[in-house]
Amino acid sequence: MLHDYVPVCPQVTLIDSSGHYCGEAGVEQCNRCIGENPKSANTIHPDWQSTDMTDIDGWRRRYSDFVAGANEVVAPSRDVILRMGRYHPGRQIVLRPHAELDRPFARRVALPYEGGVLKVVTIGAIGDHKGARILEACIDDARSRQLPIAFSIVGFTSSPKLNGSSEIQITGGYKEDEVFDALDDVKAHVALLPSVWPETYSYTLSIALEAGYPVCTFDMGAPAERLRALGTGLLLPLETMSDPASINDMLLDQFNQTKNGFLRAS
């Protein structure tokens, strides 16, 4: 199961030193990234420097043999099949979306937006790869421009800045059967899933949709693919990763235009 991108990327998530999706610009870019951040490679393979994987070609050769020798290779989204297929041409990759759990406790908790402060919720364990820096920047922008927008996390975060801020509500970790109660408590209008890498599936998207939220995320990976298939969602251009003002403006503009918060995928 291609759950992440380790067969082609020592960083696992295709994130470079900018903290965002690298764009997969080629071998030279990858070797530069390895030089800037060798820690990830050493974490996966402690003998990294003593093997033939001293550059990206060596890394991919090792994993190419592994992938080629598998009886079956499966991926949870078409995006993963297309993305990984560029590195493993000729290797059949079978589409097999993750099995969704039967959540009898799931229910719609999203509030309709009727004007005023737009309440935005992010779900899960929010580290840098899940968009912690995006949230930090959006909060800073909202404060500096005094925007009618408020943020919350149902879950937890590794960000010291977010954990120390009075400008975001953080519920803390939750058990699976508690997530909809926690979402109900924050009284949000929209779910923002600000992952900065092309996720391969996203269970938090499934939770957000079951909870009835319009969903905003970056236009890449399985989340964007899934939202397009449903004909819903606000898909943010990748350049807005470095432009929190645009993220906040797009959220506010969309909801002020629709009032009911229904977002249509672009």
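No hydrogens, no waters, no symmetry mates; every other heavy atom, side chains included, goes into these values.
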Applying the side-chain contact (heavy atoms from CB on, under 4.5 Å) criterion to Val109, which one of Val121, Val179, Asp184 satisfies it? Asp184
Any side-chain to backbone donor/acceptor pair from Thr232 onto Leu227? Under 3.5 Å, distance only. no
Non-hydrogen side-chain atoms of Ile56 and Pro10 separated by less than 4.5 Å: yes
Kindly indicate whether the side chain of Ile207, heavy atoms from C-beta on, has any atom under 4.5 Å from the side chain of Tyr213. no
Rounded distance (nearest 0.5 Å) linking atom OG1 of Thr122 with atom CD1 of Ile170: 10.5 Å
His129 and Val12: side chain to side chain contact (heavy atoms under 4.5 Å, CB included), yes or no, with the steps? CA-CA 10 Å; His129 68 303; Val12 179; over 6 Å; no
Could you tell me which non-hydrogen atom of Pro237 sits nearest to which non-hydrogen atom of Met250, and how far apart they are? CD-CE, 3.9 Å
Verify, without hydrogens or angle tests, whether Arg145 (side chain) and Ala245 (backbone) share a donor-acceptor contact under 3.5 angstrom. yes
Is there a continuous path of hydrophobic side-chain contacts, each under 4.5 Å between heavy atoms, that joins Val94 to Val80? no
Are the side chains of Glu24 and Val8 in touch, meaning some heavy atoms are under 4.5 Å apart? no
Looking at Glu28, I want to see if its CD is surrounded by more than 12 non-hydrogen atoms of other residues, nucleotides or ligands under 6.0 Å. no
Aromatic plane relationship, His3 with His98 - under 30° parallel, 30 to 60° tilted, over 60° perpendicular: tilted
Specify the closest pair of heavy atoms between Ala182 and Val154, including all atoms of both residues, with the distance to one decimal. CB-CG1, 3.7 Å
Measure the spacing between CD1 of Ile81 and CZ of Arg96 and express it to the nearest 0.5 Å. 10.5 Å
Nearest 0.5 Å please: distance from the OG atom of Ser144 over to the CG atom of Asp141. 4.5 Å
Hey, are the side chains of Pro198 and Glu225 touching, using non-hydrogen atoms and a 4.5 Å cut-off? no
State, to 0.1 Å, how close Phe218 and Ile247 come at their nearest heavy-atom pair, and which atoms those are. CZ-CD1, 3.9 Å
Considering non-hydrogen atoms only, spot the tightest contact between Pro7 and Val67 and give its length. CB-CG2, 4.3 Å
Could you give the distance from CG (Asp16) to CD (Glu36), rounded to the nearest 0.5 Å? 7.5 Å
Give the cluster check for Leu251 versus Val117: same hydrophobic cluster or not, with ILVMFWY residues linked at side-chain heavy-atom distances below 4.5 Å. no
Contact between Tyr201 and Pro97 at the side-chain level, heavy atoms closer than 4.5 Å - yes or no? yes
List the steps, then state whether salt bridge (Lys or Arg N to Asp or Glu O under 4.0 Å) holds for Asp219 with Arg228. CA-CA 10 Å; Asp219 190 3; Arg228 278 201 170 90; 2.8 Å; yes
Joint hydrophobic cluster, Ile15 plus Tyr21, side-chain heavy atoms closer than 4.5 Å: yes
At what distance, to the nearest 0.5 angstrom, does CG of Leu193 lie from CG of Leu205? 6.0 Å
Provide the closest heavy-atom pair for Ala125 versus Lys130 in the form atom of the first, atom of the second, distance. O-CG, 3.5 Å
Are the side chain of His189 and the backbone of Lys119 linked by a donor-acceptor contact shorter than 3.5 Å? yes
Classify the ring geometry between Phe105 and Phe180 as parallel (under 30°), tilted (30 to 60°) or perpendicular (over 60°). tilted
Just do the side chain to side chain contact (heavy atoms under 4.5 Å, CB included) check on Val215 and Leu234 with the steps written out, would you? CA-CA 6 Å; Val215 177; Leu234 177 60; over 6 Å; no
Evaluation steps, salt bridge (Lys or Arg N to Asp or Glu O under 4.0 Å), between Glu210 and Arg103: CA-CA 9 Å; Glu210 288 179 295; Arg103 286 184 274 259; 2.7 Å; yes
Is there a side-chain contact between Val73 and Leu2 (heavy atoms, below 4.5 Å)? yes
Single-linkage hydrophobic cluster Leu135~Leu118, side-chain heavy atoms < 4.5 angstrom: yes
Arg133 side-chain N/O to Gly19 backbone N/O, donor-acceptor pair under 3.5 Å: no
Go through it in stages, so that I can follow the logic: the residues are Asp181 and Arg107, the test is salt bridge (Lys or Arg N to Asp or Glu O under 4.0 Å), and I'd like the CA-CA distance, side-chain angles, deciding distance and then a yes or no. CA-CA 9 Å; Asp181 290 336; Arg107 67 186 193 278; 3.0 Å; yes
For Gly131, does its backbone N or O pair with a side-chain atom of Ser195 as donor and acceptor, under 3.5 Å? no
Hey, are the side chains of Tyr174 and Ile123 touching, using non-hydrogen atoms and a 4.5 Å cut-off? yes
Give a yes or no answer on whether the side chain of Gln29 reaches the backbone of Cys22 with a donor-acceptor pair at less than 3.5 Å. yes
Evaluate side-chain hydrogen bond (donor to acceptor under 3.5 Å, both in side chains) for Arg32 paired with Ser17, printing each intermediate quantity in order. CA-CA 10 Å; Arg32 184 168 60 250; Ser17 59; over 6 Å; no
Anything under 30° is parallel, anything over 60° is perpendicular, the rest tilted; go ahead and classify Phe66 against Tyr63. perpendicular
Check this for me: Glu72, atom CD, are more than 12 non-hydrogen atoms of other residues, nucleotides or ligands nearer than 6.0 Å? yes
Side chain proximity check, Asn248 to Phe151, heavy atoms < 4.5 angstrom: yes
Given the rule in the side chain to side chain contact (heavy atoms under 4.5 Å, CB included) test, do Leu236 and Cys216 qualify, once you have shown the distances and angles that lead to the verdict? CA-CA 7 Å; Leu236 300 167; Cys216 176; 3.5 Å; yes
Let me check something: do Met84 and Met220 share a hydrophobic cluster, defined by ILVMFWY side-chain heavy atoms less than 4.5 Å apart, either directly or through other members? yes
Indicate the atoms forming the closest heavy-atom contact of His88 with Ser64, along with that distance. CE1-CA, 3.8 Å
So CD1 of Ile149 and CZ of Arg143: to nearest 0.5 Å the spacing works out to 13.5 Å
